[in-house]
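This report refers to the structure that appears directly beneath it.
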There are 2 protein chains.
Amino acid sequence: MPESALPYRPHNHQNCVSQALADATAICRQQNARLTPIRERVLELIWQSHKPLGAYDILGMLGAEGHNAAPPTVYRALDFLLQHGLVHRISSLNSFIGCTQAGEHHRGMFLICRQCGNVLELAAPEVAQAVESAAESEAFLPEDITLEIAGLCPRCQVESRHD
Amino acid sequence: MPESALPYRPHNHQNCVSQALADATAICRQQNARLTPIRERVLELIWQSHKPLGAYDILGMLGAEGHNAAPPTVYRALDFLLQHGLVHRISSLNSFIGCTQAGEHHRGMFLICRQCGNVLELAAPEVAQAVESAAESEAFLPEDITLEIAGLCPRCQVESRHD
DNA sequence: CTGCAAATGTTATAATGTTTCAAAATTTGC
DNA sequence: GCAAATTTTGAAACATTATAACATTTGCAG
Ligand SMILES: [Zn+2]
Ligand SMILES: [Zn+2]
Ligand SMILES: [Zn+2]
Ligand SMILES: [Zn+2]
């Protein structure tokens, strides 16, 4: 059993945030995209934790800090961040999470703890490979893969045995 | 390249419907569950094609045939059908599709054509295996797998080359 | 028949996401 | 620098998807 992955144990999360923002800045510069204040702030809010946020959660947070935004503001920022591979959308939760592999070409796979709500993004190339070969066996041309695993993270498994 | 799977080519679709309804009847009897007229009708509507239907599509169809139902009626029927493994929910589309392997224990994988809208459900045990072993490598206990592949079906690939 | 539990009806409301048009900011060509 | 073009943001209304709460009906066991 591996050392527990970041979301599931205490860590200096400020590092996660700073790193994500620095990466985003670099990626946007490289792609000639504008990481405007709103977009950056939304990204930062999403990175507040390893739990996904809904668009209206973000909207509420922006409101609480005085920036009275309407839904399109948030959805546009999210679209931008999705477009540039800085966040992922978790379909099964209607929510959004920071990408831990921004910049790299990848197909995310998400381990979602139903207990604590934390999400771990895995690269899982062998899964992507299996998916692609299954699709190919049906002559299907895959473009976008949604792969979300709900279950119990290591920590919450332990806790659930303490009852 | 395999023979094109059912959704992507002409076939006697009435067979699909009858089979699905017969299976549902058998499964419900076996599980002591009541396949009431509304539930059966919703299942039949979903099976009208191999394209997923939204809850409000179903609601509209029920309305058109004189049964003036409200949203909870449809969502309750859908919950029942989900519970008993007779339909699947496609998270990325907020819609529902008939299960082609009702009764068998399985984790569905869905190939969704973005052009024609048809959905093919695959068993893909080797993908499930890869997913489970990736989860295990993180000491994660998977319970529910959402695996939806959007792309182009064989037919629509051919058509898109005719432009 | 009677009483209980499951299923359905009904109304209202919550949560999520989009369209549209106007205003402001930023970039581009000169 | 400056005007035009483009991108971004603001704002209001609206559309879609889903649930809560409570009343009523139905099916069934005793
Ligand atoms: Zn962190
Ligand atoms: Zn957990
Ligand atoms: Zn068919
Ligand atoms: Zn197609």
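Atoms considered below: every heavy atom in the structure, side chains included; atoms not considered: hydrogens, waters and symmetry mates. For clarity, every value in this text was computed on a predicted model and none was experimentally measured.
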(message) For A:Ala139, is there any backbone N or O sitting under 3.5 Å from a side-chain donor or acceptor partner on B:Gln157?
(response) yes
(request) Would you indicate whether the side-chain heavy atoms of A:Arg41 and A:Glu65 approach each other to under 4.5 Å? (result) yes
(message) Between A:Thr73 and D:dG10, is there a contact of a side-chain N or O with OP1 or OP2 at under 4.0 Å?
(response) yes
(message) Checking the side chain of A:His13 only, and the main-chain atoms of A:Trp47 only, is there a donor and an acceptor separated by less than 3.5 Å?
(response) yes
(message) Just the rounded figure in Å: distance from P of C:dA7 to CG of B:Leu81.
(response) 12 Å
(request) Flag the pair A:Ile46 / A:Leu78 as yes when at least one side-chain heavy-atom distance between them is below 4.5 Å, and no otherwise. (result) yes
(request) Give the rounded distance in Å between these two atoms: CG of B:Leu35 and P of C:dA6. (result) 18 Å
(request) Give the rounded distance in Å between these two atoms: CD1 of A:Ile38 and C1' of C:dT26. (result) 14 Å
(request) Would you mind reading off the distance between B:Arg39 atom CZ and C:dG9 atom P, rounded to a whole angstrom? (result) 11 Å
(message) Between P on D:dA11 and CG on A:Asn68, what's the gap in Å once rounded to a whole number?
(response) 8 Å
(message) For a quick check, with a 4.0 angstrom heavy-atom cut-off, what is the B/S/- contact string for nucleotides 25-30 of chain D, read 5' to 3'?
(response) --S---
(request) Give the ring-plane orientation class for B:Tyr56 versus B:Tyr75, where under 30° counts as parallel, over 60° as perpendicular and anything between as tilted. (result) perpendicular
(request) Evaluate the criterion side-chain contact (heavy atoms from CB on, under 4.5 Å) for residue pair A:Ile145 and B:Leu147; output intermediate values, then yes/no. (result) CA-CA 7 Å; A:Ile145 300 183; B:Leu147 182 36; 4.3 Å; yes
(message) side-chain contact (heavy atoms from CB on, under 4.5 Å), that's the test. Do A:Asn118 and A:Cys153 meet it? Break it down for me.
(response) CA-CA 8 Å; A:Asn118 283 304; A:Cys153 77; over 6 Å; no
(request) Would you mind telling me which residue lines up with the more 5' stretch of DNA chain C, B:Pro37 or B:Ala70, judged by nearest nucleotide? (result) B:Pro37
(request) Check whether any side-chain nitrogen or oxygen of A:Thr36 sits under 4.0 Å from OP1 or OP2 of D:dT9, and answer yes or no. (result) yes
(request) Calculate the interatomic distance between A:His84 atom NE2 and D:dT7 atom P; express it in whole Å. (result) 12 Å
(request) Using atom CG of B:Leu78 as one end and atom P of C:dT8 as the other, report the distance to the nearest whole Å. (result) 12 Å
(request) Heavy atoms only: give me the nearest A:Val127-B:Ala130 pair and the separation to one decimal. (result) CG2-O, 3.5 Å
(message) When you measure from the side-chain N and O atoms of A:His67 to the phosphate of D:dG10, is any distance below 4.0 Å, counting only OP1 and OP2?
(response) yes
Review item, nucleotides 17-21 of chain D N/O atoms under 3.5 Å of protein N/O:
{"from": "D:dA18", "atom 1": "OP1", "to": "B:Arg89", "atom 2": "NH1", "distance (Å)": "2.7"}
{"from": "D:dA18", "atom 1": "OP1", "to": "B:Arg89", "atom 2": "NH2", "distance (Å)": "2.9"}
{"from": "D:dA18", "atom 1": "OP2", "to": "B:Tyr75", "atom 2": "OH", "distance (Å)": "2.9"}
{"from": "D:dA18", "atom 1": "O5'", "to": "B:Tyr75", "atom 2": "OH", "distance (Å)": "3.4"}
{"from": "D:dA18", "atom 1": "N7", "to": "B:Tyr56", "atom 2": "OH", "distance (Å)": "2.6"}
{"from": "D:dA18", "atom 1": "N6", "to": "B:Tyr56", "atom 2": "OH", "distance (Å)": "3.3"}

(request) Please lay out, stage by stage, how B:Ile97 and B:Glu121 fare under the test side-chain contact (heavy atoms from CB on, under 4.5 Å). (result) CA-CA 9 Å; B:Ile97 187 131; B:Glu121 178 177 356; 5.7 Å; no
